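Notes to accompany the following structure.
We count ligands from 1, going down the list as the structure has it; atoms in each ligand are counted the same way. One is the number of the first residue; the rest follow in order along the sequence. Fair warning: this is a prediction, and the values are worked out from it, not measured in the lab.
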Amino acid sequence: MSGFHQTPPVLANQYRDDVLLRSYLRSAAPPAVLAEIEPELLALGGRAAAEWLALAEQAEAEPPRLRSYDAWGSRIDRIETSSAWRALERISAVEGLVARGYERAYGPFSRVDQFARLYLFSPSSATYSCPLAMSDGAARCLELLAADERQRAAYRHLISRDPAEFWTAGQWMTERTGGSDVSGTSTIAKRDGAQHRLFGTKWFTSATTSQMALTLARLEGAEAGSRGLSLFYLELRDEAGRPRDMRVLRLKDKLGTRALPTAEVELDGTPAWVVGGEGHGVRKIATVLTITRGYNAMASVAGMRRAIALARDYARRRVAFGRPLSEHPLHVDTLAGMQVELAGCFLLAFHVVELLGLTELGEASDADARLLRLLTPVAKLYTGKQAVAVASEAVEAFGGAGYIEDTGLPRLLRDAQVLSIWEGTTNVLSLDVWRAIDADAGVIDELCAHVNRQLDAAQSEDLADAASRVRGAARELVQISRRLADGAPADREAAARRFAFAIARVTAGALLIAHAHRSRSLPVAAHLADAARRWSGRELIPALDTGDAHHAASKRLGLDADWPLVP
Ligand code: UCC
């Protein structure tokens with residue numbers, strides 16, 4: 001027998017090891033705040049690589065189970081989760097992973113502080129970040145719209161740090177008709193005294209073990225389409241833990257996020273209370289979506305970071321062709337490309353978090369609030385897509401080991417794939433970018449001005465070429481947005497994803513250059529300047545061809561519609 005064994009990758013302290021996060025916090029955090037939070041983040045970085053990771057692995061190994069009946073034949077609809085999953089919930093409460101966003105101890109910076117902690121927690125949480133995302137979104141929604149003491153009490157539970165009091169929330173938007181187009185929602189709300197009762201089926205309900213949910217339903221007699229939907233608050237179980245007039249039909253058998261209970265649920269008279277008045281439910285639940293899409297961007301960059309940390313460590317250990325992978329130029333080039341992608345995505349995601357913090361505290365300028373609306377879908381769609389690409393590259397960097405389940409590596413890819421699907425697919429969010437532009441015609445000009453402000457503040461000679469490329473691309477973006485806005489709707493729609501990618505790349509380019517400039521006195525300066533130059537040297541604006549010939553070619557290529565078998 002050969003004595004050859006491969007050496008597995010080792011995860012170091014996930015804060016100490018993260019030059020991007022540390023350099024970002026150095027420039028974004030007020031110095032006194034950084035001094036206070038940095039020792040805590042260092043401790044969390046250690047737990048992410050050890051204690052939390054072990055819990056996540058256990059939770060993945062013991063996925064949730066549905067017990068529909070008890071031993072005596074009574075219907076119980078109980079979803080049983082592992083002790084590790086429940087431990088991750090307790091940790092989330094004690095660490096204030098939702099609460100910090102509402103305690104606002106550091107003013108508008110509180111959201112960055114909270115998301116930095118979530119960034120460390122998320123890839124070691126077996127996707128416990130999903131219930132936290134929905135709970136945070138629900139908390140914000142109830143903070144703004146709670147109609148009565150019941151809903152205010154729920155808000156207090158969601159932001160509690162006491163594990164005995166802490167609640168999580170579901171966000172149930174998806175029915176059999178689909179998760180993207182919710183206008184066909186068929187759940188009906190019937191009035192029953194001061195409350196309503198809901199009847200319908202929710203096709204995907206994530207974190208179905210939560211204590212509460214926000215969902216959409218149509219009041220009897222309300223108009224068709226999405227305007228006729230109302231937003232409802234539900235408490236899922238009674239004091240004995242039994243579902244309130246609802247059945248859990250089955251747990252979903254998913255590609256990834258396997259520790260996360262996701263179920264199909266039938267509402268059969270479930271008591272519910274209107275949130276924020278009747279009607280316009282989609283507009284109201286959009287408050288939740290802004291938060292959950294921010295979490296999605298954070299989880300995307302956190303997943304990329306974890307994949308790279310593992311691949312990079314392994315590159316130093318794994319010897320092939322007589323030398324470690326870290327001495328093979330092509331392998332190093334591949335790792336560098338992944339790190340550049342992460343750097344741009346990271347700054348884009350955290351920029352949205354900064355804007356969110358400012359907006360919630362009422363300290364946002366008019367431009368900040370407009371940019372938050374535009375950049376939330378952009379950050380979500382771009383980082384979600386790149387998270388899948390980077391996870392795939394990381395799995396490949398391990399060769400065959402990356403394809404073997406008990407290395408834990410395939411999970412990186414399986415769990416990444418959902419990030420471009422839930423909370424709005426890439427295409428649905430590309431169209432949401434146009435919803436934002438339609439509602440605010442000058443917002444792309446505002447973005448261009450924002451990009452230029454970032455670059456004006458970053459006058460470093462070694463970044464001048466990169467800055468000039470980004471400036472040029474920002475100008476082009478404005479022209480393209482006018483052409484698309486004035487053109488045929490089909491052209492605009494067909495180009496929407498490419499246009500959204502262009503927004504992401506131009507914005508991230510400016511953020512990278514600005515960050516590299518601000519960090520020029522730190523030891524990490526060369527690293528950041530390299531990332532800024534490489535990002536800006538790539539294609540910033542993809543080809544945005546439109547027109548009849550382009551559509552016809554897309555139809556031929558996409559659908560093979562014009563290729564008769566017999567000429
Ligand atoms: O996947 C789900 C849960 C999974 C778990 C969560 C995990 C998070 C994890 C993170 C980390 C690990 S729940 C399902 C998610 N589903 C979606 O995200 C829906 C995707 N579809 C869309 O976004 C569509 O674009 C819709 C549903 C919003 C389209 O709806 P409508 O009604 O057809 O569109 P309208 O008519 O344009 O919009 C209705 C109103 C308008 O306002 P008013 O009434 O004033 O005219 C819009 O301006 O809603 C407003 N609105 C928005 N406002 C629509 N979207 C937005 C927005 N993004 N922001 C602000």
> Looking only at side chains, do Ser122 and Ser129 share a donor and an acceptor under 3.5 Å apart?
Replying inline: yes
>> Quick check for you: to the nearest 0.5 Å, what is the distance between Lys190 atom NZ and Leu198 atom CG?
In response: 11.0 Å
>> Could you tell me if Arg306 sits above the aromatic ring of Phe121, with its cationic atom closer than 6.0 Å to the ring centre and no more than 45 degrees from the axis?
In response: no
> Checking side chain to side chain contact (heavy atoms under 4.5 Å, CB included) against Phe166, which of Arg90, Arg161, His157, Glu89 comes through?
Replying inline: Glu89
> Say you draw a straight line from CG of Asp415 to CD of Glu60; how long is it, rounded to the nearest 0.5 Å?
Replying inline: 5.5 Å
> Heavy atoms under 4.0 Å from ligand 1: which residues qualify?
Replying inline: Ser129, Cys130, Ala133, Met134, Gln171, Met173, Thr174, Gly179, Ser180, Val182, Ser206, Ser226, Arg227, His280, Val282, Arg283, Ala286, Leu289, Arg293, Tyr295, Asn296, Ala299, Arg373, Trp422, Glu423, Gly424, Val428, Asp432, Arg435
>> Glu393: which residues meet the salt bridge (Lys or Arg N to Asp or Glu O under 4.0 Å) condition with it, sequence neighbours left out?
In response: none
